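What follows is a set of notes on a single structure, which appears directly below.
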Amino acid sequence: MKRWIALGAVLSLGLTACSDPSATSTSADSGAVTWADPTAKLDGVKLTIWAAQNSNTVPKAVVDGFQQATGATVEVVTVPDPYEQSVQTKVATGDKPDLAFWQPTASMLTAINARSNLQPLTGAPWLSTVDSALKDITGLLDDTRYAALITSPAVEGVYYNKEVFASASVTETPKSFDDMIKIARDLKAKGVTPFYEMGADRWATQWWVQVQLADAAKAGLWERINTGQAKFTDPDVVKTIATYQSLINEGLFNSDIKTAKFEDQGTALLDGKAAMVVQVNSFFGQLQAKADTASLDSKIGFFPISPGGNIGTFIPDQSNALVAFKTGDAKREAAARQLLAYWMGPGYRSFVTDRNTVSLQPAVASPAGVPKALLDVHASLPSAVGSMQALAVANPDLYINLADMIAGTMTPEQVAKATQDQFEQLAKAAGYLK
Amino acid sequence: MVTGAPGSINRRTHPLWFLVPAYGLLLVFFFLPTVFNFVYAFTDWSGFKAEINPVGFENFDQLTSDGTLFRALRITIVYAVLVAVFQNLFGFGLAVLLERDTVVNRIARTFFLIPVLMSALAVGYIFQALFQGSTLLADTTWTIVVVALIHAWKWMGLSMLIYLAGLKTIPLDVTEAAHIDGASRWTAFWKIRVPLLAPAVTFNVATALLGSMNGFDIVQATTGGGPARTTEILNIFIYRTFGQGLFAQATTMSLMLFLLVAVMAFPVIYVLRKREEVL
């Protein structure tokens, strides 16, 4: 008997020892966040930044400058792909960096439990220098700022081959979604593949639905979905999915849509095998790896699209922003904030020059070598509307369901239902949609 | 002789508490995780908040209410059965083919054993690259067969080795006696040697079947669950769910997998063991 009591004691001890390690006491956000001078001395302080395989070179110039100015040591650690999943798992088991690249959207800030894991960046000193149209575009969860936007967020829109348009005597980019479909039908009649989609790599499929929802998103669709007043299964959402399917069935897409991959998409657009691709900035990154700025400027253009006009849909990604973690070490937490202040302050000019990327601050000019299409993407931001990722409280696998539809195993109605079911499950787990 | 039940060992050379460290490790690293697998399945543990609250059977209700779990379970079983069949056919064929200890056979055996030692992810990525551009990994009906073949290809060397060991332990006089009794080589093989391989079959079928139920790496590297989720075995589904921060739901699924493996293991091993009794 005694032995069993002892065993029970050991077991229950084990149980308590293994309760959620990320459950640090939610230290009351004491409102006032202090910001040290960006170049104040930090000798002996060691900071860690987590980055993904496609963002681990982003901080280099900033880190070098910061180390020189402050005497701190900053280590950039690459977390393997799938990045978001790996970071969430690490954080769930109690492992935290000082800073990390993170998608600054509501759904992803919720997913990392920003309220208990992240430092609020209230009153950040650099905000006054950021373009006022972009300052509050993202990085906020329930009106608290948790992420620092460092580069121009990605936008869902249409990348097109200017030469293909010209040879089919299309002189003006379309003014609405229907206009774009009309041009696509003309192109098809002339023997050109209008659109190229990657059914095998799946993730880009969701852009087609999201750009069709841009006007509805402007009118508050995602707030309504967040509160359960609207659903993915509502006729207006299902219609966008059905439209996507009917355009595929009509033959406006590449014939190998089921097996095509991300790489094929870039090659097809560059080679003029297809006229248009609905994509985000990382797609342009792929093009940049395949061709130089001069040929990209002459060949590839960008326009945002929505049913009612040219409203872009912005979708900030992991490489666009950083978050600072609550590590429990006040000195390192302050140093992490200081690094962000340096990054967006004295270090910003050398950062955008080093990365050859668009500047978010009117006082810092974008470098001369930024490709034209990226400037167009950036120019579409002030009028753009948030994507599902940016505005919905949970991020269901819409793209997987759409890819299944392309493969022929799901109907548009089933896509909508599966997406809604998963959205509800995630939102409930996150404490919404009670 | 000292008293005691027949077969029991009564040599008390070491005090029993010497076993405590071993049992301690077993408890912490094997028993406790299994217990937690049960406990967390009944909570709302997630990446979204710090507290963990009990929710009863809610996770089970939710999982059984939409068809995703059952589809993943079905795919897992189909996959496991395919792997078990292929791996054993290949392993058995190779063992019979390479049974004689010639130089060529020894070299060939080594080559067939190499994939067993390779990283499963590496194998997956190699085949994914090989099949790039073909429709082998894009067909919604047949891709699961292709992936099962890859899995079987990787592990057939191990089955071969075990069948070889089984073949080698068959006493020569038994087959010789059969020949003297007038059995042809064919009859001797199927009526004498194959039945004597029963223990090897038990081990091979059980490990292939139950091992591939826990499969993940090869499928993840070749198809990632596609096309259209037709190769999304349960572990890939669990991995996706966990990645979304739904830790409790993922735990619930892995509990279902645990139960499924247990439910399948007992009858399979029982039936295969029954075959051995005639020996």
Side-chain angles (χ1 to χ4, degrees), chain A residues 7 10-11 14-15 17-20 22-26 82 84-86 88-89 91-92 108 110-117 199-202 256 258-261 263-264 393-397 400-401 403-410 417-418 421-422 424-432, chain B residues 20 23-24 27-29 31-33 35-36 39-40 43-53 55 58-59 62-63 65-68 71 128 131-141 143 220 223-230 232 237 239-250:
Chain A
L7 182 70
V10 170
L11 273 179
L15 282 168
C18 292
S19 61
D20 191 346
S22 65
T24 41
S25 58
T26 327
E84 282 78 7
Q85 223 151 314
S86 306
Q88 270 179 299
T89 313
V91 171
M108 289 309 283
T110 307
I112 199 148
N113 194 3
R115 273 176 225 99
S116 51
N117 288 330
D201 273 343
R202 310 190 291 197
D256 60 349
K258 288 181 191 176
T259 54
K261 294 184 173 245
E263 282 285 316
D264 308 327
V393 289
N395 184 9
D397 295 326
I400 297 184
N401 298 325
D404 284 7
M405 179 182 82
I406 293 174
T409 59
M410 274 176 125
K417 169 140 194 333
D421 286 351
Q422 198 195 5
E424 281 174 19
Q425 187 185 33
L426 287 164
K428 273 182 190 146
Y432 298 91
Chain B
V20 169
Y23 275 108
L27 182 78
V28 172
F29 291 106
F31 189 65
L32 272 185
V35 171
F36 282 124
V39 172
Y40 282 136
T43 68
D44 65 350
W45 181 32
S46 78
F48 306 115
K49 55 186 186 324
E51 322 83 61
I52 301 175
N53 308 308
V55 293
E58 199 178 286
N59 295 326
Q62 196 170 36
L63 279 170
S65 67
D66 73 28
T68 328
R71 183 178 59 182
Q128 199 228 21
F131 295 155
Q132 189 102 53
S134 80
T135 52
L136 273 173
L137 293 176
D139 190 286
T140 49
T141 315
T143 303
Q220 178 69 17
T223 65
R229 278 185 269 189
T230 50
E232 192 172 274
F237 186 38
Y239 173 70
R240 276 206 301 120
T241 310
F242 192 86
Q244 283 161 337
L246 298 172
F247 304 151
Q249 281 85 343

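Residue numbers begin at 1 in each chain, while the letters A, B, ... track the order of the sequences. Since the model is a prediction, treat every value here as computed from it, not as a measurement.
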Rounded distance (nearest 0.5 Å) linking atom [atom1] of [X] with atom [atom2] of [Y]:
{"X": "Gln85(A)", "Y": "Tyr239(B)", "atom1": "CD", "atom2": "OH", "value": "4.5 Å"}
{"X": "Phe48(B)", "Y": "Asn113(A)", "atom1": "CZ", "atom2": "CG", "value": "9.0 Å"}
{"X": "Thr241(B)", "Y": "Gln422(A)", "atom1": "OG1", "atom2": "CD", "value": "8.0 Å"}
{"X": "Gln425(A)", "Y": "Ser65(B)", "atom1": "CD", "atom2": "OG", "value": "8.5 Å"}

Considering only heavy atoms, which portion of [X] lies under 4.5 Å from any heavy atom of chain B: side chain, backbone, both, or neither?
{"X": "Lys428(A)", "answer": "neither"}
{"X": "Ala403(A)", "answer": "neither"}
{"X": "Met405(A)", "answer": "neither"}

Looking at Ala228(B) and Ala407(A), what are the two nearest heavy atoms and their distance?
CB-CB, 3.5 Å
Considering non-hydrogen atoms only, spot the tightest contact between Gln88(A) and Phe247(B) and give its length.
O-CZ, 4.4 Å
For chain B, which candidate among [options] shows the most heavy-atom pairs at distances under 4.5 Å?
{"options": "Asp404(A), Leu426(A), Thr409(A)", "answer": "Asp404(A)"}
{"options": "Ile400(A), Ile112(A), Asp256(A), Thr259(A)", "answer": "Ile400(A)"}
{"options": "Ala114(A), Ala430(A), Ala260(A)", "answer": "Ala430(A)"}

Is Gln62(B) close to chain A through its backbone or its side chain, or both, or neither, when contacts mean heavy atoms under 4.5 Å?
side chain
So, Asp397(A) and Gln244(B): side-chain donor and acceptor under 3.5 Å apart, yes or no?
yes
Among the listed options Leu137(B), Leu246(B), Asp44(B), the residue most often paired with chain A at heavy-atom distances under 4.5 Å
Leu246(B)
